[in-house]
A.B. asks: 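Mind having a look at this structure? Questions to follow.
Just so we're on the same page: letters track the sequence lines, and every chain starts at 1.
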Number of protein chains: 2
Amino acid sequence: MVAATQEKTWTVGELAEELGVTTRTLRHYEAEGLLAPRRAGQNRVYTARDRARLRLILRGRRFGMTLAECREIVDMYDGAESSERLQLTTLLARLDDISADLRRRQDDLRRTLAEVGEVAGQCRRRLDELV
Amino acid sequence: MVAATQEKTWTVGELAEELGVTTRTLRHYEAEGLLAPRRAGQNRVYTARDRARLRLILRGRRFGMTLAECREIVDMYDGAESSERLQLTTLLARLDDISADLRRRQDDLRRTLAEVGEVAGQCRRRLDELV
DNA sequence: TCCTTCCTTGACGTTAACGTCAACGTAAAG
DNA sequence: CTTTACGTTGACGTTAACGTCAAGGAAGGA
């Protein structure tokens, strides 16, 4: 098992393809400080950790988080390994704020979904009447 | 009860203020065909119905719906009162698509919230270790 | 060697969703 | 009658999140 420590990596093209975005998006995220892939010479090398970060970002984007908000969240993964009480306490407070915000959005989504269901129900009733 | 049929109305400024947006936003939504308030001469007059539409729109915006998506949904409220079978059937299919999309976003949100909770938990554990 | 494919950086373009400013009308208050 | 506080339209500006070239480098196959 000589090669057991060789973790899988991706090129920009591969990772972009796999997650359904363009390479431009990956370079943009890097420019905005959301990703920081290794380099093999000039070329970017993405690890499984980079890939996980990217998936978090893309997931957030799908329900309206800005890149700045995404960055704040992924950065917290690193901050949570701090050893300073003040840092951890501050981070924890921020995380609570973020959770509250996400729950509000969850509520907005839930209500919207409910109302879409209402309209669908109304459609079905009118279709029944048309028999 | 002579005046019982006089429903409450709002001016742009009043409605914007009440819902926490600017008047520019209301005029923009009108230009994009999401709202169509009555006029009293030149001035816009918003009814409770307009207000309800606006609340739906703003709610959708909060979790990442575009104005075009918002318009499609609010327009369906009107379409659901159609009397043509084909119209209703088409609308119903579209509503199912939208519901599926919203549920995906709901899932994305749920997962993100869970992971934020994970990070918070990790913070708390590290804080405990620091006693 | 040449060709293709993938990568790089840099720079300008585009779209959505408003912000901002100008120039003007009008109705109530002082 | 003028000031103040709304309202109107029109037009240009701004920000975020990429899209879209352009120009070039490095690796591998025919």
A.B. asks: Less than 4.0 angstrom between a side-chain N/O of A:Arg44 and OP1 or OP2 of C:dT8, yes or no?
C.D. replies: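 Yes, A:Arg44 has a side-chain N/O under 4.0 Å of OP1/OP2 on C:dT8.
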
A.B. asks: Determine, for A:Arg53 against A:Asp78, whether the closest basic-nitrogen to carboxylate-oxygen distance falls under 4.0 angstrom.
C.D. replies: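 Yes, this pair counts.
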
A.B. asks: Considering only residues two or more places apart or on different chains, which pairs with a residue in residues 118-131 of chain A satisfy side chain to side chain donor-acceptor pair (under 3.5 Å)?
C.D. replies: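 Matches after skipping sequence neighbours: A:Arg126-B:Ser83.
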
A.B. asks: Check B:Arg103, B:Arg111, B:Arg104 against B:Asp107 for a side-chain hydrogen bond (donor to acceptor under 3.5 Å, both in side chains) and give me the one that passes.
C.D. replies: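 For B:Asp107, the side-chain hydrogen bond (donor to acceptor under 3.5 Å, both in side chains) check succeeds only for B:Arg111.
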
A.B. asks: State whether the number of non-hydrogen atoms from other residues, nucleotides or ligands found under 6.0 Å of A:Glu18 atom CD is greater than 12.
C.D. replies: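 Yes.
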
A.B. asks: Looking at DNA chain D, which of residues 66-75 of chain A put a heavy atom within less than 4.0 Å of it?
C.D. replies: A:Thr66, A:Leu67

A.B. asks: With nearest nucleotides of DNA chain C determined for A:Glu14 and B:Tyr29 from heavy-atom distances, which residue corresponds to the more 5′ nucleotide?
C.D. replies: A:Glu14

A.B. asks: Quickly, which of A:Glu30, A:Arg27, A:Arg51 forms a side chain to side chain contact (heavy atoms under 4.5 Å, CB included) with A:Pro37? Name it, please.
C.D. replies: A:Glu30

A.B. asks: Between P on C:dC7 and CG on A:Leu15, what's the gap in Å once rounded to a whole number?
C.D. replies: 11 Å

A.B. asks: If you compare all heavy atoms of B:Leu113 against all heavy atoms of A:Gln106, which two are closest, and at what distance to 0.1 Å?
C.D. replies: CD2-OE1, 3.4 Å

A.B. asks: Report the residue from A:Leu34, A:Leu15, A:Leu19 that forms a side chain to side chain contact (heavy atoms under 4.5 Å, CB included) with A:Leu26.
C.D. replies: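 Looking at A:Leu34, A:Leu15, A:Leu19, the match for A:Leu26 under the side chain to side chain contact (heavy atoms under 4.5 Å, CB included) is A:Leu15.
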
A.B. asks: Considering residues, nucleotides and ligands other than A:Glu14, do more than 12 of their heavy atoms fall under 6.0 Å from its CD?
C.D. replies: yes

A.B. asks: It should be established whether A:Thr11 places a side-chain nitrogen or oxygen under 4.0 Å from OP1 or OP2 of nucleotide C:dC6.
C.D. replies: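 Result: no.
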
A.B. asks: Anything under 4.0 Å to a heavy atom of chain A counts; send over the first and last such nucleotide of DNA chain D, read 5' to 3'.
C.D. replies: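 Contact span on the strand: D:dA17 to D:dT20.
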
A.B. asks: Round to the nearest Å and state the distance from A:Arg27 atom CZ to C:dC6 atom P.
C.D. replies: 15 Å

